[in-house]
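Some notes on the structure that comes next.
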There are 4 protein chains.
Amino acid sequence: MEKRNKPKYKQIIDAAVIVIAENGYHQSQVSKIAKQAGVADGTIYLYFENKEDILISVFQEKMGVFVDKLEQIIARDLNASTKLGLMIESHFDLLASDIHLAIVTQLELRQSNHELRTKINNVLREYLKLMDKILVQGMNNGELDKNMDIRLARQMVFGTMDETITTWVMNEHKYDLVDLAPKVQRLLLKGMQA
Amino acid sequence: MEKRNKPKYKQIIDAAVIVIAENGYHQSQVSKIAKQAGVADGTIYLYFENKEDILISVFQEKMGVFVDKLEQIIARDLNASTKLGLMIESHFDLLASDIHLAIVTQLELRQSNHELRTKINNVLREYLKLMDKILVQGMNNGELDKNMDIRLARQMVFGTMDETITTWVMNEHKYDLVDLAPKVQRLLLKGMQA
Amino acid sequence: MEKRNKPKYKQIIDAAVIVIAENGYHQSQVSKIAKQAGVADGTIYLYFENKEDILISVFQEKMGVFVDKLEQIIARDLNASTKLGLMIESHFDLLASDIHLAIVTQLELRQSNHELRTKINNVLREYLKLMDKILVQGMNNGELDKNMDIRLARQMVFGTMDETITTWVMNEHKYDLVDLAPKVQRLLLKGMQA
Amino acid sequence: MEKRNKPKYKQIIDAAVIVIAENGYHQSQVSKIAKQAGVADGTIYLYFENKEDILISVFQEKMGVFVDKLEQIIARDLNASTKLGLMIESHFDLLASDIHLAIVTQLELRQSNHELRTKINNVLREYLKLMDKILVQGMNNGELDKNMDIRLARQMVFGTMDETITTWVMNEHKYDLVDLAPKVQRLLLKGMQA
DNA sequence: GATGAATGAGAATTCATTCAT
DNA sequence: CATGAATGAATTCTCATTCAT
């Protein structure tokens with residue numbers, strides 16, 4: 001059986017998310033994560049190369065869910081505008097329903113060093129490529145402006161979503177994030193429409 | 001004389017930007033900054049409370065230039081769309097002409113801890129308030145959609161700019177950032193137009 | 001059946017010699033020895049008390065061969081000078097024909113801690129006592145100087161052999177060790193002759 | 001001023017010798033050495049690169065005294081036999097009068113890893129080269145056997161001295177080491193004489 | 001004001017050994 | 001007999017900050 005399918009693997013990943021969210025990136029010692037996971041410090045190293053490997057794996061595992069959801073949306077027989085709306089809603093929903101994860105991805109994991117962030121960006125790239133598929137569909141069927149710079153558009157979409165979520169997290173989730181999804185969709189769509 | 005007007009104050013601030021850009025946030029020890037500034041380690045503490053204070057001061061000093069430029073733009077007798085364009089161009093231009101600063105603000109300073117980032121956000125808030133003024137002007141004179149959520153709109157504007165700059169920095173400035181300004185303006189404007 | 005006569009006992013001893021010679025004393029983890037021996041980590045502990053016990057046993061088992069050979073030489077009807085020569089030759093030969101063992105005894109096992117080295121010395125003492133027998137025979141029958149300090153003489157004999165072998169091992173066996181035996185014998189004999 | 005001439009440098013070196021002699025190589029943590037030296041842990045790192053650097057420096061500094069003494073002996077207008085005797089006496093005397101040092105060089109430092117021992121051997125080589133000078137002098141002026149293998153002879157000399165000292169240290173200095181010097185000289189000389 | 005030597009708290013990782021299966 | 005997953009104690013080195021000069 002693959003390491004990543006063993007129960008302790010997921011146990012440690014989940015513990016890491018909680019510990020990082022509650023203590024902050026720089027106060028998340030391996031021993032704290034082990035304690036939260038209910039295993040010995042050394043056990044961590046049976047499942048992960050080193051501390052960095054835990055953090056990358058956290059991102060990979062969790063981002064995997066985002067990618068899966070997005071792939072399902074893209075596979076459906078819908079127009080690009082609708083898909084864009086569903087993507088935003090799905091993205092917001094996943095983070096709103098796991099506030100620990102939201103804190104970790106929007107605030108804490110960004111404190112990591114250059115090397116780790118590069119690895120995280122590689123994971124993120126897959127998600128951004130799926131995003132591009134929606135934009136391409138929209139540009140091809142006339143929903144979106146054929147002449148727009150697709151990279152710029154994607155940066156607007158991701159940047160807006162990211163900024164919206166980060167602001168929500170920093171405001172300690174005082175308002176409902178998912179409620180904002182339709183407004184964000186409309187704003188972005190208007191900017192990109194043909 | 002105010003500390004911040006003494007030559008060594010600025011000397012240390014500038015040294016910090018260079019050191020952080022060249023070595024990365026986590027490899028920017030106080031002793032390195034002191035050496036770059038040409039002063040003794042202890043001298044740093046005659047001008048700054050502690051290391052965090054240097055970093056906040058870096059952000060304040062440099063952000064001050066952005067605020068000044070933006071205030072000048074707002075004071076001019078122009079419509080909101082034009083001001084938005086000028087703001088983007090000015091913002092892009094300031095970072096494109098100081099790559100060290102771009103690296104520091106877009107990548108390195110974000111690795112700081114929660115507390116420091118909160119303080120940085122307080123400095124940023126002033127800039128965002130000025131941004132809002134442009135949006136309000138546009139909503140009042142009919143250029144922009146009266147019914148849009150202004151906070152969301154501002155998040156789109158800032159998020160898009162931020163994402164665009166970060167991508168440019170991570171791509172090691174292979175292309176001209178300022179050239180993108182008009183396209184970004186058009187994209188954002190379309191999204192917010194009445 | 002005695003533990004030391006079971007096949008896995010010898011299997012583990014031999015694995016230890018190889019692993020230590022190839023990886024060095026401090027890089028010879030129990031798990032590596034187990035892997036080399038083709039048994040599980042835990043199995044080691046069915047045959048040995050602890051890691052130290054493996055190392056002492058390595059020395060005991062291998063030293064046993066040296067002792068046996070030396071006893072055979074002493075039992076023969078030869079004068080002391082000849083026996084000394086045969087001893088040196090036999091000693092050099094045993095190590096020259098098992099380079100792994102030579103590395104382990106001359107270099108690696110000396111990195112062990114005080115306690116282990118004391119135990120190893122106890123094993124070695126038996127060998128040194130046999131050496132003394134040759135010297136006594138020579139002093140009694142007039143071959144060797146009757147008035148020499150026997151302990152000092154033995155230290156010269158063993159020290160010279162040891163230093164010669166260690167130098168040979170550290171020079172990566174570039175020359176033939178056994179070829180040196182007659183010269184060493186002559187040198188030592190001259191020093192001790194009546 | 002050179003680091004090695006500052007008082008704290010020597011203070012730490014001397015502390016290291018005491019701590020290693022009293023606690024053993026593997027129980028000589030940096031913090032123990034710092035405490036013995038009366039400085040903070042971090043201070044150690046102002047004078048030494050890392051722990052290994054302390055140990056090499058111990059050997060270099062102390063071996064330097066041996067080399068100096070031997071150079072003085074060699075420079076004198078004496079025959080080789082006398083020089084050999086003086087060398088042995090000087091070597092024994094230096095160790096007998098600093099039992100901590102004797103323990104460290106004969107027992108503890110030999111537990112160091114391959115890399116460190118290689119560096120130590122480089123320091124030792126200088127000493128052995130001086131030893132060779134005495135042997136060459138003796139071979140040239142007819143005191144010593146012209147045909148002997150000089151490397152082998154040196155290995156006998158050094159091996160005998162080393163074995164004698166180690167035995168003395170392991171016997172906890174029950175007898176006077178320097179008293180043995182003339183006997184050792186005689187034994188070695190006889191072996192090498194023309 | 002300026003210096004820079006000294007401080008000392010804090011954390012990732014390894015590996016011999018155990019014991020439930 | 002044999003296994004191998006789990007354990008957890010133990011240690012070097014960095015660097016922000018101080019303070020005597």
Side-chain angles (χ1 to χ4, degrees), chain A residues 1 3 6-9 12 26-35 37-55, chain B residues 1 3 6-8 12 26-35 37-55, chain C residues 3 6-8 26-35 37-55, chain D residues 1 3 6-9 11-12 26-35 37-54:
Chain A
M1 182 161 63
K3 264 186 188 172
K6 290 186 182 168
K8 282 200 178 149
Y9 179 85
I12 293 166
H26 291 290
Q27 277 308 304
S28 296
Q29 295 85 350
V30 171
S31 61
K32 252 183 206 158
I33 296 174
K35 196 170 188 182
V39 300
D41 292 17
T43 305
I44 298 269
Y45 292 87
L46 297 175
Y47 295 90
F48 300 91
E49 295 284 320
N50 47 38
K51 190 179 177 182
E52 192 183 66
D53 189 27
I54 308 175
L55 303 174
Chain B
M1 183 161 65
K3 268 184 185 173
K6 293 187 182 167
K8 281 194 181 160
I12 293 167
H26 291 292
Q27 278 308 305
S28 296
Q29 295 83 354
V30 171
S31 60
K32 249 183 209 160
I33 296 174
K35 196 170 186 181
V39 300
D41 293 17
T43 306
I44 298 270
Y45 291 86
L46 299 174
Y47 295 90
F48 300 90
E49 295 283 320
N50 48 38
K51 189 180 180 182
E52 192 181 68
D53 189 25
I54 308 175
L55 303 174
Chain C
K3 267 184 185 174
K6 293 186 182 168
K8 281 194 183 160
H26 291 292
Q27 278 307 304
S28 296
Q29 295 84 354
V30 170
S31 61
K32 250 183 208 158
I33 297 174
K35 196 171 187 181
V39 300
D41 294 15
T43 305
I44 298 269
Y45 291 87
L46 298 174
Y47 296 89
F48 300 90
E49 295 283 322
N50 48 38
K51 189 180 180 181
E52 192 181 68
D53 188 26
I54 308 176
L55 304 174
Chain D
M1 186 160 62
K3 264 184 188 173
K6 290 186 183 169
K8 281 197 179 153
Y9 179 85
Q11 206 171 315
I12 293 166
H26 290 292
Q27 277 308 304
S28 296
Q29 295 85 350
V30 171
S31 61
K32 255 183 204 158
I33 297 174
K35 197 171 186 180
V39 300
D41 293 16
T43 305
I44 299 269
Y45 292 88
L46 297 176
Y47 295 90
F48 300 91
E49 295 284 321
N50 47 40
K51 190 179 178 181
E52 192 183 66
D53 188 27
I54 307 176

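In what follows, chains are A, B, ... by sequence order, proteins preceding strands, each numbered from 1. All heavy atoms count here, side chains included; hydrogens, waters and symmetry mates do not.
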Nucleotide [N], atom [atom2] - distance to [atom1] of [X] in whole Å:
{"X": "L55(C)", "N": "dT17(E)", "atom1": "CG", "atom2": "P", "answer": "10 Å"}
{"X": "Y45(D)", "N": "dT11(F)", "atom1": "OH", "atom2": "C1'", "answer": "9 Å"}
{"X": "N50(C)", "N": "dT18(E)", "atom1": "CG", "atom2": "P", "answer": "9 Å"}

Sugar-phosphate only, base, or nothing, as touched by [X] at under 4.0 Å among non-hydrogen atoms:
{"X": "Y47(A)", "result": "sugar-phosphate"}
{"X": "K32(A)", "result": "nothing"}
{"X": "K8(B)", "result": "sugar-phosphate"}
{"X": "V30(A)", "result": "base"}

Requested in this report: Check for a donor-acceptor pair, side chain of K51(A) on one end and backbone N or O of V30(A) on the other, with a separation under 3.5 Å.
Outcome: no
Query raised in the report: For the side chain of K51(A), counting heavy atoms from C-beta on, which of dT12(F), dA6(E), dA12(E) is nearest?
Result: dA12(E)
**Report entry** Nucleotide nearest V39(A) (side chain, heavy atoms from C-beta), chosen from dT7(F), dT17(F), dA12(E)
**Finding:** dT7(F)
Query raised in the report: Does a side-chain N or O from K6(B) land closer than 4.0 Å to OP1 or OP2 of dG1(E), or not?
Result: yes
**Report entry** Assigned partner base of dA20(E), Watson-Crick or wobble definition, under 3.5 Å
**Finding:** dT3(F)
Query - Pair assignment for dG8(F), Watson-Crick or G-U wobble, requiring both distances under 3.5 Å - result: dC15(E)
